[in-house]
Amino acid sequence: MTENVQILDHPVIKHKISILRDINTGSNEFRSIIKEISIILAYEATKDLDLEEYEIQTPITKTTGYKISGKKLGIVPILRAGLGMVDGVLEVLPAAKIGHIGMYRDEETLMPVEYYSKLPNDVEKRDIIVVDPMLATGGSACDAIENLKKKGCKEIKLLSIIAAPEGIEKLREEHPDVKIIVAQLDDGLNENSYIVPGLGDAGDRLFGTK
Ligand code: PRP
Ligand code: URA
């Protein structure tokens, strides 16, 4: 796809996303699969972390070991549905600090409305991974990233489970510096700006609110 956009193309992901899409999949299974895919996305997002060498002794010999150099990282879920991805990303990056940005889409205007923001004090010094399972029009992600940039964040990545081409396009236009990693690219949006075929409302499916 275009520069700075990575779509995971993997049979295991396709298998798991099909279960997420299924209207008969309950919240418990839905949550575990969101977590599993988030772990894979987090590995992809951390491929470029710097390593430091150090010497280790194996039972056989001395050799060079590697550790991730002390980069400060932050995970920022967009509430609510982004919360479902945090535990998966934390499996890969247990020392990361977590900020929260609350956004909902106004059902009439479909525009994102920010209702909450609480970020680490030193957020501007951290590389940030924004997580939200759905990138539909891209409005919520663009606003959240704008908010982070205003706070001084420079290195930002976005992880999503399913994206519509429209959302990727908007992100590319407004934030071309932000790397986007998504597990699945879908066909587009319907008249209510839901992703097609999608999986419905990710927040409701995660938390059983519908
Ligand atoms: C969903 C989703 C994204 C947003 C995507 O949240 O989690 O944040 O919609 O749509 P967009 O790309 O068109 O902005 P929603 O507004 O349903 O809130 P919720 O997570 O609290 O259910
Ligand atoms: N938000 C969702 O949860 N699902 C969509 O398909 C679009 C926006």
Side-chain angles (χ1 to χ4, degrees), residues 1-2 4-5 7 16-27 29-31 33-35 37-38 41-42 75-89 98-119 128-149 156-176 178-210:
M1 204 146 166
T2 51
N4 259 355
V5 180
I7 316 284
K16 289 183 187 299
I17 286 184
S18 302
I19 300 171
L20 291 179
R21 292 193 197 283
D22 190 333
I23 194 171
N24 295 309
T25 299
S27 290
E29 191 177 11
F30 193 91
R31 276 194 295 272
I33 294 178
I34 292 279
K35 178 176 173 185
I37 298 175
S38 302
L41 287 168
I75 305 168
V76 178
I78 303 180
L79 307 181
R80 285 176 301 168
L83 285 176
M85 297 179 69
V86 172
D87 284 352
V89 180
I98 302 168
H100 295 85
I101 295 181
M103 295 264 181
Y104 69 87
R105 290 200 313 181
D106 182 284
E107 300 219 335
E108 272 165 23
T109 64
L110 299 175
M111 297 303 287
V113 181
E114 185 180 312
Y115 62 88
Y116 187 76
S117 176
K118 182 75 185 170
L119 300 168
I128 299 294
I129 299 178
V130 176
V131 294
D132 190 332
M134 308 305 276
L135 180 63
T137 65
S140 307
C142 277
D143 280 17
I145 289 167
E146 189 63 44
N147 172 324
L148 288 162
K149 286 185 173 174
I156 303 175
K157 289 179 181 154
L158 171 70
L159 307 187
S160 288
I161 308 275
I162 299 186
E166 294 88 333
I168 291 187
E169 185 75 11
K170 186 172 167 71
L171 250 297
R172 290 275 49 77
E173 271 172 35
E174 294 190 19
H175 300 290
V178 170
K179 176 156 192 192
I180 311 170
I181 306 175
V182 304
Q184 171 75 43
L185 179 66
D186 268 7
D187 299 341
L189 301 175
N190 69 10
E191 61 285 3
N192 298 315
S193 290
Y194 271 82
I195 299 177
V196 181
L199 47 72
D201 186 306
D204 284 339
R205 297 208 53 200
L206 274 164
F207 301 114
T209 40
K210 219 170 233 172

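Atoms within each ligand, like the ligands themselves, are counted from 1 in listed order. Computed from heavy atoms alone, side chains included, the values below leave out hydrogens, waters and symmetry copies.
The nearest heavy-atom contact from the protein to atom 14 (O) of ligand 1 is S140 OG, 2.6 Å. In this structure, the protein non-hydrogen atom closest to atom 3 (C) of ligand 1 is D132 OD2, 3.0 Å. Considering only non-hydrogen protein atoms, atom 5 (C) of ligand 2 sits nearest to Y194 CD2, 3.4 Å. In terms of protein heavy-atom proximity, atom 6 (O) of ligand 2 is nearest to I195 N, 2.8 Å.
D132 contributes atom CG, which lies 10.0 Å from atom CD1 of I145 (distance to the nearest 0.5 angstrom). Annotation: the span from L148 atom CG to I156 atom CD1 amounts to 5.0 Å, rounded to 0.5 Å.
Side-chain N or O atoms of S27 include one that pairs as donor or acceptor with a backbone N or O of R205 at under 3.5 Å. Under a 3.5 Å cut-off, the side chain of T25 and the backbone N or O of F30 do not form any donor-acceptor pair. Between the side chain of N192 and the backbone N or O of Y194, no donor-acceptor pair lies under 3.5 Å. Side-chain atoms of D143 do not come within 3.5 Å of backbone N or O of V113 as any donor-acceptor pair. The main-chain N or O of G198 is found under 3.5 Å from a side-chain atom of D186 such that the two form a donor-acceptor pair.
Between Y115 and ligand 1, a contact under 3.5 Å exists for no N or O pair. Considering backbone and side-chain N/O of S193, none are found under 3.5 Å from N/O of ligand 1. Remark: ligand 1 and I78 share no N or O pair separated by less than 3.5 Å (distance only, no angle test). Considering backbone and side-chain N/O atoms, G203 never comes within less than 3.5 Å of an N/O atom of ligand 2. Residue contacts with ligand 1: R80 is placed with a nitrogen or oxygen under 3.5 Å of a nitrogen or oxygen of the ligand (distance criterion only).
S193 counts as a contact of ligand 2, since one of its heavy atoms falls under 4.0 Å from the ligand.
S160 and L135 make their closest contact through OG-CB, 3.9 Å (heavy atoms, listed as atom of the first residue, atom of the second, distance).
Salt bridge annotation for R80-D204: present, with a cationic side-chain nitrogen under 4.0 angstrom from a carboxylate oxygen. A salt bridge between E166 and K170 is absent, with no side-chain N of the basic residue lying under 4.0 Å from a carboxylate O of the acidic one.
Of the protein's heavy atoms, at least one falls inside 4.0 Å of atom 10 (O) of ligand 1. Atom 1 (C) of ligand 1 is not flagged as protein-proximal [any protein heavy atom, distance under 4.0 Å].
Using a 4.0 Å cut-off to heavy atoms of Y104, the atoms of ligand 1 that qualify are 16 (O). Those atoms of ligand 2 that come under 4.0 Å of a heavy atom in A202, given as number and element, are 2 (C), 3 (O). Close contacts between ligand 1 and D201 involve ligand atoms 17 (O), 22 (O) [criterion: under 4.0 Å to a heavy atom]. Less than 4.0 angstrom separates some heavy atom of A136 from each of these atoms of ligand 2: 7 (C), 8 (C). Using a 4.0 Å cut-off to heavy atoms of G138, the atoms of ligand 1 that qualify are 11 (P), 12 (O), 13 (O). Atoms of ligand 2 found under 4.0 Å from any heavy atom of G200, numbered from 1 in the order shown, are 2 (C), 3 (O), 4 (N), 5 (C), 6 (O).
In this comparison of A81, P77, G203, P133, the heavy atom closest to atom 20 (O) of ligand 1 sits on A81.
With contacts defined as side-chain heavy-atom distances shorter than 4.5 Å, the pair L41/I161 qualifies.
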